[in-house]
Participant: 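Structure incoming, see below.
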Amino acid sequence: MKNKGGWMNIPQGIPNCPPGLEYLTMIDQLLVHQKVEILEALTGFESKNKFTIKNSLGQKVYYAVEESDCLTRNCCGPLRPFDMQILDNYRNEIIHLHRPLACDSCCFPCCLQSMEVSSPPGTIVGTVEQEWSLFCPSFAIKNASGDTVLRVEGPFCTMSICGDVEFKIMSSDGSVQVGKISKQWSGLIREMFTDTDYFGITFPMDLDARMKAVMLGACFLIDAMFFEKAKGAGEAASSSML
């Protein structure tokens, strides 16, 4: 890998791999950085989320852009349904994420959160499905056939207080930790007045590239569920500091 700080060079000659996922065959870590939207930070008006996705060397791998309408973003807030395009350096859509509208309460176990992951767009490679739990968040990571390949287990408290929040990536039977999704502390100002988040994802190097793409979808679902501030939250925090 060359060109630190630029775009990662696409690996060549990877058999049986969806176009554009070749990048994922060569890495065991992704860094997801949300772009700061100045207007949103100043006014609390929810705009489309945008993310840069990098490897451990700081090279860009993908760029992610939320697709949702203004009314839904500002009325439904963190519960909003959305689609997300994950693009490569040439603006080709490599991965498509779809989050349907669903409940975010343990009182409704029949209608929990999920994320559908396609690569190329239109070809489902897996899903992220919230599992019913009273205390700690739990998700099943499934392949295109509906088989559970991995699980994600979150902490009892997902509030970030000057530290990282870790969601463990476990084997399908929950017995062995094989990676993690970490919501990284991004500084007091960012945490209090914006919903601009930093995440790190680690997974086994030999994990199928399709499932690595699904883990990326899990990261965005976790961000939306636990770290996307409701409209007005930043304004309330600002008022409490005056």
Side-chain angles (χ1 to χ4, degrees), residues 11 14-32 51 53-56 61-62 64 82-86 88 93-100 102 104 106 109-133 135-155 158 165-183 199-227:
I14 308 296
N16 192 31
C17 183
L21 293 192
E22 295 94 342
Y23 296 102
L24 299 181
T25 64
M26 305 299 293
I27 56 181
D28 59 2
Q29 181 179 16
L30 288 171
L31 305 175
V32 181
F51 301 84
I53 302 166
K54 301 179 180 181
N55 62 20
S56 59
V61 182
Y62 299 120
F82 62 81
D83 288 88
M84 187 169 290
Q85 295 181 317
I86 299 181
D88 66 7
E93 185 177 9
I94 304 302
I95 305 168
H96 187 90
L97 307 179
H98 173 65
R99 181 200 189 190
D104 190 18
C106 63
C110 60
C111 189
L112 297 175
Q113 295 288 313
S114 65
M115 182 77 83
E116 182 181 88
V117 182
S118 301
S119 182
T123 301
I124 296 175
V125 295
T127 56
V128 183
E129 299 182 12
Q130 182 186 10
E131 298 180 314
W132 186 80
S133 173
F135 301 108
C136 299
S138 178
F139 301 86
I141 309 300
K142 299 184 177 182
N143 60 20
S145 300
D147 302 319
T148 298
V149 178
L150 297 167
R151 297 187 183 277
V152 175
E153 298 178 358
T158 58
V165 179
E166 182 177 305
F167 288 72
K168 297 178 181 179
I169 302 174
M170 309 296 293
S171 58
S172 59
D173 62 2
S175 62
V176 180
Q177 182 176 353
V178 298
K180 63 182 179 179
I181 298 174
S182 298
K183 195 278 183 182
F199 286 87
I201 313 171
T202 60
F203 35 60
M205 180 71 79
D206 61 354
L207 182 66
D208 186 276
R210 296 170 182 81
M211 299 315 300
K212 291 181 181 181
V214 178
M215 293 309 310
L216 188 56
C219 178
F220 286 119
L221 181 59
I222 287 170
D223 178 35
M225 289 180 63
F226 301 105
F227 304 108

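Computed from a prediction, not measured in an experiment: that's the story for all the values here. Computed over heavy atoms, backbone and side chain alike; hydrogens, waters and symmetry mates excluded.
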Participant: Enter the distance from Ser171:OG to Gln177:CD here, rounded to the nearest 0.5 Å.
Facilitator: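 Answer for the OG-CD pair, Ser171 versus Gln177, is 10.0 Å.
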Participant: With ring centroids as reference points, do Phe220 and Phe51 lie under 6.0 angstrom apart?
Facilitator: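 Yes; Phe51 has its ring centre under 6.0 Å from that of Phe220.
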Participant: Please report the closest heavy-atom contact between Val214 and Val117, naming both atoms and the distance.
Facilitator: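 Scanning both residues completely, I find the closest heavy atoms to be CA-CG2, 4.0 Å.
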Participant: Which heavy-atom pair separates Pro204 from Lys212 by the least distance, and what is that distance?
Facilitator: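 For Pro204 and Lys212, the tightest heavy-atom pair comes out as O-CE, 3.4 Å.
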Participant: Just so I know, are the side chains of Leu150 and Leu207 near enough to count as touching, which here means a heavy-atom distance under 4.5 Å?
Facilitator: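 Side chain of Leu150 against side chain of Leu207, heavy atoms only: contact under 4.5 Å found.
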Participant: Donor-acceptor pair, Arg151 side chain versus Ser172 backbone, under 3.5 Å?
Facilitator: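 Flag set: sc Arg151 to bb Ser172 pair under 3.5 Å.
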Participant: Closest approach of Thr25 and Ala209, non-hydrogen atoms and distance?
Facilitator: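 It is CG2-CB, 3.9 Å.
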Participant: Are the side chain of Tyr62 and the backbone of Ile95 linked by a donor-acceptor contact shorter than 3.5 Å?
Facilitator: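 A pair under 3.5 Å: no.
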Participant: Can you pull out every salt bridge (charged side-chain N to carboxylate O under 4.0 Å, His left out) where at least one residue sits in residues 137-149? Sequence neighbours excluded, please.
Facilitator: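 Every pair satisfying salt bridge (charged side-chain N to carboxylate O under 4.0 Å, His left out) with a residue in residues 137-149: Glu129-Lys142.
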Participant: Would Leu30 and Leu24 count as a side-chain contact (heavy atoms from CB on, under 4.5 Å) here? Give the steps.
Facilitator: CA-CA 9 Å; Leu30 288 171; Leu24 299 181; 4.1 Å; yes
Participant: Taking atom OG of Ser118 and atom NE2 of His98, what is their separation to the nearest 0.5 Å?
Facilitator: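 Here the rounded value is 9.5 Å.
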Participant: Does a side-chain heavy-atom distance below 4.5 Å link Pro155 with Cys136?
Facilitator: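 Of all side-chain heavy-atom pairs linking Cys136 with Pro155, none is under 4.5 Å.
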Participant: Closest approach of Pro11 and Glu22, non-hydrogen atoms and distance?
Facilitator: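 Nearest pair, atom of Pro11 first, then Glu22: CG-O, 3.4 Å.
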Participant: Are Ile53 and Leu31 side-chain neighbours, meaning at least one heavy-atom pair lies under 4.5 Å?
Facilitator: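 Heavy-atom side-chain distance check fails, nothing below 4.5 Å.
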Participant: So, does Ser119 use its side chain to make a donor-acceptor pair with the main chain of Ile94 at under 3.5 Å?
Facilitator: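 Yes, because the side chain of Ser119 sits within donor-acceptor range (under 3.5 Å) of the backbone of Ile94.
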Participant: Quick one: do Phe167 and Phe226 satisfy ring-ring contact (aromatic ring centres under 6.0 Å, His included)? Show the steps, please.
Facilitator: CA-CA 11 Å; Phe167 288 72; Phe226 301 105; 5.6 Å; yes
Participant: When you compare the side chain of Val165 with that of Ser182, does any pair of heavy atoms fall below 4.5 Å?
Facilitator: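 The answer is no; the side chains never approach within 4.5 Å.
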Participant: Within the distance-only criterion (no hydrogens, no angle test), does the side chain of Thr202 pair as donor or acceptor with the backbone N or O of Lys180 below 3.5 angstrom?
Facilitator: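 Confirmed, Thr202 side chain pairs with Lys180 backbone.
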Participant: Side chains of Val125 and Asn143: closer than 4.5 Å at any heavy-atom pair?
Facilitator: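 No. Closest side-chain heavy atoms not under 4.5 Å.
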Participant: Ile181 and Ala218: which non-hydrogen atoms are nearest, and at how many Å?
Facilitator: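 Shortest heavy-atom contact: CD1-CB, 4.1 Å.
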Participant: When rounded to the nearest 0.5 angstrom, what distance separates CG in Leu97 from CZ in Phe82?
Facilitator: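 Taking CG in Leu97 and CZ in Phe82, the distance rounds to 7.0 Å.
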Participant: Does any part of the side chain of Ser138, heavy atoms only, come nearer than 4.5 Å to the side chain of Val152, both counted from C-beta?
Facilitator: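 Not in contact.
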Participant: Check whether the ring centres of Phe227 and Phe199 lie less than 6.0 Å apart, and answer yes or no.
Facilitator: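 Yes, the ring of Phe227 comes within the 6.0 Å limit of the ring of Phe199, centre to centre.
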Participant: Looking at Arg99 and Glu116, is there a salt bridge between them, counting it only when a charged N and a carboxylate O are closer than 4.0 Å?
Facilitator: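 Looking at Arg99 together with Glu116, the answer is no, because their closest N to O distance does not fall below 4.0 Å.
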Participant: Decide yes or no for Ile141 and Met211: does some side-chain heavy atom of the first lie under 4.5 Å from some side-chain heavy atom of the second?
Facilitator: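 With C-beta onward as the side chain, the pair touches.
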Participant: Return the minimal non-hydrogen interatomic distance between Gln113 and Leu221, and the atom names on each side.
Facilitator: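 It is OE1-CD1, 4.0 Å.
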Participant: Working to the nearest 0.5 Å, report the span between CG of Leu216 and CZ of Phe203.
Facilitator: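 Between atom CG of Leu216 and atom CZ of Phe203 there are 8.0 Å.
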Participant: So, the side chain of Lys168 versus the backbone of Val176: is there a donor-acceptor pair under 3.5 Å, distance only?
Facilitator: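 Side chain of Lys168 to backbone of Val176, a donor-acceptor pair under 3.5 Å: no, none is there.
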Participant: How about Asp83 and Gln85: do any of their side-chain heavy atoms sit closer than 4.5 Å?
Facilitator: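 With C-beta onward as the side chain, the pair stays apart.
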Participant: Does atom CG of Asn16 have more than 12 heavy-atom neighbours, drawn from other residues, nucleotides or ligands, at distances under 6.0 Å?
Facilitator: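 Result for CG/Asn16: open.
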Participant: side-chain contact (heavy atoms from CB on, under 4.5 Å) between Gln130 and Met225: does it pass, once the steps are laid out?
Facilitator: CA-CA 11 Å; Gln130 182 186 10; Met225 289 180 63; 3.7 Å; yes
Participant: Kindly determine whether Glu131 and Leu112 satisfy side-chain contact (heavy atoms from CB on, under 4.5 Å), including the steps that lead there.
Facilitator: CA-CA 7 Å; Glu131 298 180 314; Leu112 297 175; 5.7 Å; no
